[in-house]
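The structure appears right after this line, and notes come after that.
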Amino acid sequence: MLEYLRDLGAQARQRLGQVRKLEELGEWKREYLGKKGAVSELLRGLGGLPAEDRPLVGRAANALRAELEAELERREQVLQQEFVQAALRTERVDVTLPGRRPAVGRVHISHRVLRRIYDIFAEMGFQVFDSPEVETDRRNFRSLNIPPHHPARDMWSTFYTTREGVLLRTHTSPGQAWAMQAYCPEPIRVILPGKCYRYEQVTARSEFMFYQVEGLAVGEGITMADLKGVIIAFTRRMFGSERQVRFRCSYFPFTEPSVEVDMDCILCQGQGCRVCKYTGWVEILGAGMVHPVVLRNGGYDPQHFGGFAFGMGPERITMLKYGINDIRWFFSGDLRFLRSL
Ligand code: FA5
């Protein structure tokens with residue numbers, strides 16, 4: 001029996017030496033030291049031995065169990081060490097590798113240009129005034145001297161909602177009514193930035209959604225000279241002091257007289273190119289002296305108050321400033337475009 005124990009010990013040690021992975025140790029433990037393992041079986045079988053042999057064999061079996069347990073622990077430590085060493089070798093981090101830059105966002109180009117516009121007008125005493133994108137027919141058209149069925153409505157292709165008389169504003173001019181309501185009877189000097197919507201064909205120069213910045217000044221003694229001075233000061237601050245500006249007669253129902261303002265084409269220096277349609281001039285905004293009907297609708301007496309208003313498209317201004325040839329890039333969500341500016 002003692003000889004069997006010796007062989008069992010030798011066999012167990014040999015097998016233990018062959019175990020190469022930590023997870024295989026469990027199997028070895030079950031086979032030799034588990035409840036149904038070889039050593040336990042042996043101890044259970046002691047009862048079948050002659051009484052005088054039992055203490056000796058029992059002691060030897062218990063000693064073998066203790067030895068094997070100690071060897072299991074040692075083997076476990078060795079394998080653990082090997083595992084750690086292998087992991088250190090294969091999973092080594094090369095701290096000299098260049099890091100991965102986190103993607104840093106930035107302010108959209110439309111908003112950067114808007115902020116520049118705010119700054120320039122702030123220097124001239126204009127405050128930013130917010131007004132809603134969803135408007136009533138009354139404010140978008142009627143308060144601006146465009147009654148129902150007036151042919152001037154054709155100048156603005158409109159997104160009407162299913163609610164009678166509610167629409168997406170086609171320009172920022174209805175903001176004039178909000179500003180007059182808020183300031184009347186005080187003088188006004190505000191700019192009204194925001195999105196506008198037009199139900200029209202999207203092309204390289206026209207979007208169905210775009211920004212506008214409206215300007216409105218109301219007070220006593222305001223003349224066309226003030227309007228011209230403000231627009232010229234703005235274009236020179238925005239585009240450089242060498243820029244030329246021209247005022248063309250135009251028509252808007254809410255201003256009288258009305259003008260459209262062109263700037264010499266920055267891309268071709270007025271020589272003529274595709275962007276300026278070979279005229280050397282690019283339209284940047286519509287403007288005029290606030291119509292007496294609009295002043296009266298806003299609560300101001302046109303006998304004592306006058307004013308000027310203008311409306312510009314910041315995307316078109318950005319296109320000129322940065323030489324962008326298609327307005328559709330702005331809201332395409334294309335990161336190549338956004339990162340290039
Ligand atoms: C107007 O919207 C008038 N409300 C401007 C105005 C305000 C005149 C106050 C007088 C007094 P207009 O439709 O021309 O005018 O648009 C003004 C500017 O908005 C244009 O010069 C252009 O820069 C921009 N714009 C107009 N339509 C689009 C479009 N579809 N896509 C991009 N920009 C546009």
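This chain uses plain numbering: 1 for the first residue, then up along the sequence.
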(Q) Let me confirm one number: the CZ-CZ distance from R106 to R112, rounded to the nearest 0.5 Å. (A) 6.0 Å
Q: State yes or no: are the ring centers of F337 and F330 separated by less than 6.0 Å?
A: yes
Q. Within 45° of the six-membered ring axis of F247 and under 6.0 Å from that ring's centre, is NZ or CZ of K228 located there?
A. yes
Q: Measure up the W156 and F252 rings against each other and bin them: parallel (under 30°), tilted (30 to 60°), perpendicular (over 60°).
A: tilted
Q) Between E69 and K29, is the closest basic N to carboxylate O distance under 4.0 Å? A) no
Q: Apply the test salt bridge (charged side-chain N to carboxylate O under 4.0 Å, His left out) to residues R13 and E67: give CA-CA distance (whole Å), side-chain angles for both, the deciding distance (0.1 Å), then the verdict.
A: CA-CA 10 Å; R13 285 188 190 96; E67 278 168 31; 2.5 Å; yes
(Q) Going by the rule ring-ring contact (aromatic ring centres under 6.0 Å, His included), which residues pair with Y32 if we only count those two or more places apart in sequence or in a different chain? (A) W28
(Q) Below 30° counts as parallel, above 60° as perpendicular, anything between as tilted: where do the rings of F159 and F208 land? (A) perpendicular
(Q) Just by distance, no angles: are the side chains of E315 and W329 close enough, under 3.5 Å, to form a donor-acceptor pair? (A) no
Q. Transitive ILVMFWY cluster of V95 at side-chain heavy atoms under 4.5 Å: who else is in it?
A. V93
Q.
Applying ring-ring contact (aromatic ring centres under 6.0 Å, His included), can you list everything that pairs with Y160, at least two apart in sequence or on another chain?
A. none
**Q.** Aromatic contact, H171 with F254 (centres under 6.0 Å)
**A.** yes
Q. Salt-bridged, R30 to E27, with N to O below 4.0 Å?
A. no
Q) So, for H108 and F331, is the gap between ring centers shorter than 6.0 Å? A) yes
Q. Can you name the side chain to side chain donor-acceptor pair (under 3.5 Å) partners of E24, sequence neighbours left out?
A. none
Q: Considering only NZ, NE, NH1 and NH2 on the basic side and carboxylate oxygens on the acidic side, decide whether R328 and E207 come within less than 4.0 Å.
A: no
(Q) Using the side-chain contact (heavy atoms from CB on, under 4.5 Å) criterion, which residues pair with L56? Sequence neighbours excluded. (A) L2, R59
Q) Is the shortest side-chain N to carboxylate O distance from D301 to R296 below 4.0 Å? A) no
Q: Using the test side-chain contact (heavy atoms from CB on, under 4.5 Å), find all partners of A233 that sit at least two apart in sequence or belong to another chain.
A: M124
(Q) Looking at D137 and R153, is any side-chain nitrogen of the basic one under 4.0 Å from a carboxylate oxygen of the acidic one? (A) yes
(Q) Quick check on E164: does its CD atom have over 12 non-hydrogen neighbours (other residues, nucleotides or ligands) under 6.0 Å away? (A) no
Q. Does a donor on one side chain and an acceptor on the other come within less than 3.5 Å for E133 and Y197?
A. yes
